Amino acid sequence: MSNAGKKRNSQLSEIWRRYKKNKAAMVGLVILVIILFLAVFADLIVPYSKCIDQIGAERLQGPSLKHFFGTDEYGRDLFARVIHGSRYSLFIGVATSLMALVIGAVLGASAGYFGGVVDTVICRIIDVFMCVPPILLSLAVVAALGTSMRNLIIAITVSCIPGNVRLIRSLVLTVAEQDYVEAARSYGTSHARIIFRYVLPNAMGPIIVNTTMAISDMILSAAGLSFIGMGIQPPSPEWGALLSSAQQYMFTSPYLLLFPGMFIMLSSLSFNLVGDGLTDALDPKLKD
Amino acid sequence: MEDKMLEIRHLKKYFQTPAGKLHAVDDVSFQIEQGKTLGVVGESGCGKSTLGRTILCLNEPTEGKILFHGKDLVTAGKKERKRLRPKMQMIFQDPYSSLNGRMTVRQLIAEPLIVNKVCKNKKELEQRVSEAMETVGLAERLSMAYPHELDGGRRQRIGIARALVLEPEFIVCDEPVSALDVSIQAQILNLLMDLQEERKLTYLFITHDLSVVKHISDEIMVMYLGKCVERAPADEIFENPLHPYTKALLAAIPIPSVESCHKRRELLQGEVTSPVNPKPGCRFAARCPFAKESCRSGEILLREVSAGHFVACNQI
């Protein structure tokens with residue numbers, strides 16, 4: 001249908017038009033695109049071998065033209081390590097928050113929409129998980145499963161699910177009692193269609209912000225877990241692990257902390273800004 | 001009576017609340033003939049909307065029968081209900097909250113067709129939607145608009161188109177004009193009446209606005225706290241109201257003339273009694289100026305006092 005095609009385009013361009021108006025969100029998007037670009041084309045920018053090549057003669061050197069971000073205690077190029085580290089951090093951040101979103105949406109929406117026994121069961125289980133601080137929950141999962149990339153992702157996802165379920169459940173509760181949901185029922189819409197076409201789209205704004213902001217949280221907790229040695233293991237150049245090994249040289253070579261820290265901060269910030277911008281842009285009610 | 005399209009027998013809907021059983025609809029029976037309109041009036045909270053929703057099985061009735069062309073919807077299976085569903089539709093009160101703000105006008109109207117898998121292909125779907133939009137007087141250029149971009153009247157037209165697109169025989173109109181400006185109210189009412197004439201539609205018209213109900217109804221049912229207190233043809237009820245509550249309701253219609261300002265009005269005393277665990281006897285007894293001891297006990301039944309005029313009052 002040419003008609004439908006045209007509509008889709010105009011809707012997207014409408015969203016883009018509204019998004020562009022938000023300066024901070026545009027800054028966030030630019031930073032995010034740069035970091036994504038670095039992560040995707042890391043191999044073209046600097047070969048992975050530079051991350052692990054240890055050059056004894058060039059240990060702990062400050063930033064220079066040869067080593068943009070300097071070198072670490074084994075003489076490895078920090079620039080290469082930070083660039084390749086972005087792959088780990090971004091992948092963990094995006095993967096965990098998307099998984100937590102999907103699981104949270106299914107559980108939260110069923111709890112809020114169906115209510116009754118379903119709600120009680122899901123909520124009580126979530127309550128149990130909520131009792132444990134997220135970082136401890138992740139630690140417990142890693143301790144039980146062992147340290148690896150996959151287990152780190154599982155651990156962080158698990159710690160993120162309870163909050164998502166709570167948020168989505170409460171959003172669904174307010175949307176589900178709107179008249180248009182009743183109207184949808186009156187012409188025989190199935191529960192699944194109501195949840196996915198009526199309830200979730202109308203609860204989307206806060207969910208999207210929460211997810212983009214969660215990505216930054218996830219990057220931080222992955223970094224945190226790696227920092228205390230429960231996440232990505234050396235010599236893999238994850239940002240948190242870089243920070244962790246840099247702490248011994250904090251006073252003599254502060255750049256070792258500065259650059260990975262800056263990337264963690266920038267990626268986290270950009271996801272937050274983009275999330276904020278999307279909230280406004282995705283709401284058709286806020287036309288201008 | 002011929003052509004009994006919808007017959008309701010002893011319909012009850014109780015809600016379980018912490019305070020006890022809330023009798024939202026209590027033993028209501030009536031029938032509507034094809035192509036006619038039954039107006040349901042009563043004050044807020046008397047169970048009018050619940051009645052409409054229960055008839056469409058949006059609430060499971062506690063007891064009673066809903067016969068649609070002789071088929072009982074209460075005992076009907078899922079399949080049967082699914083088959084009958086497109087024949088019974090609803091128009092909602094609030095055109096602001098009854099439309100999903102994330103869908104365009106075209107999507108909103110197409111939704112019932114998609115859900116009920118009425119159309120074989122996209123072309124037919126587009127065709128049906130365009131027809132429905134034309135019928136209710138929505139310009140084609142609005143089809144990509146979102147509801148929040150339109151005014152109340154246009155939104156309500158979307159609501160009507162959405163109800164009509166499945167070509168129903170029976171429509172529950174739940175205060176369809178009470179959220180609209182007076183000038184637009186008239187437009188929408190006229191639209192509803194034209195549609196009724198064209199398509200032989202049957203309406204259950206729920207409202208608290210008596211002037212509206214007189215305009216559109218063939219028969220009027222007055223409800224008080226879940227009970228039907230009086231039911232009669234529209235003209236009859238306005239000329240010869242029998243139940244004290246109906247009289248009070250009619251006396252409360254504002255009359256736009258200078259002299260009437262000085263006339264004293266019969267005003268009802270007291271508050272509406274709670275619909276939770278109501279006492280036996282007449283529900284209206286606590287506020288009724290004519291109530292006697294006999295009104296406060298036993299079941300007050302709806303009696304036919306003259307042809308087609310039913311009233312539930314011991315004093316008549």
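Keep in mind that this is a model prediction, so the values were computed, not measured.
- For the pair A/Asp179 (side chain) and B/Gln93 (backbone), a donor-acceptor distance under 3.5 Å is absent.
- Counting non-hydrogen atoms of neighbouring residues, nucleotides and ligands closer than 6.0 angstrom, the CZ atom of A/Phe129 reaches no more than 12 such neighbours.
- For B/Pro86, no part lies near chain A; criterion is any non-hydrogen pair under 4.5 Å.
- Summarising the local packing, NZ of B/Lys87 is surrounded by 12 or fewer heavy atoms from other residues, nucleotides or ligands at distances under 6.0 Å.
- Top candidate by heavy-atom pairs under 4.5 Å with chain A, chosen from B/Met90, B/Met88, B/Gln89, is B/Gln89.
- Here the closest non-hydrogen pair linking B/Ser98 and A/Ala183 is O-CB, 4.0 Å.
- Heavy atoms of B/Leu166 lying under 4.5 Å from chain A belong exclusively to its side chain.
- Both the backbone and the side chain of B/Asn100 come within less than 4.5 Å of a heavy atom of chain A.
- For B/Arg162, the part sitting under 4.5 Å from any heavy atom of chain A is the side chain, from C-beta outward, and nothing else.
- B/Glu131 CD: more than 12 foreign heavy atoms inside a 6.0 Å radius.
- Enclosure of atom NE2 in B/His69 by more than 12 non-hydrogen atoms of other residues, nucleotides or ligands within 6.0 angstrom is indicated.
- In this structure a side-chain-to-backbone donor-acceptor pair under 3.5 Å is missing from B/Arg85 to A/Tyr187.
- In this structure, chain B has heavy atoms under 4.5 Å from both the backbone and the side chain of A/Arg185.
- Looking at B/Glu111, the atoms closer than 4.5 Å to chain A (heavy atoms on both sides) sit in the backbone and in the side chain alike.
- Neither the backbone nor the side chain of B/Ile91 comes within less than 4.5 Å of any heavy atom of chain A.
- Counting heavy-atom pairs closer than 4.5 Å to chain B, the top-ranked of the candidates A/Ala184, A/Pro201, A/Gly188, A/Ser186 is A/Ser186.
- Residues A/Glu182 and B/Arg53 meet the side-chain proximity criterion, which asks for heavy atoms closer than 4.5 Å.
- Residues B/Arg102 and A/Arg197 fail the side-chain proximity criterion, which asks for heavy atoms closer than 4.5 Å.
- By the neighbour-count criterion of 12 heavy atoms within 6.0 Å, atom CZ of A/Phe91 is sparsely surrounded, having that number or fewer from other residues, nucleotides or ligands.
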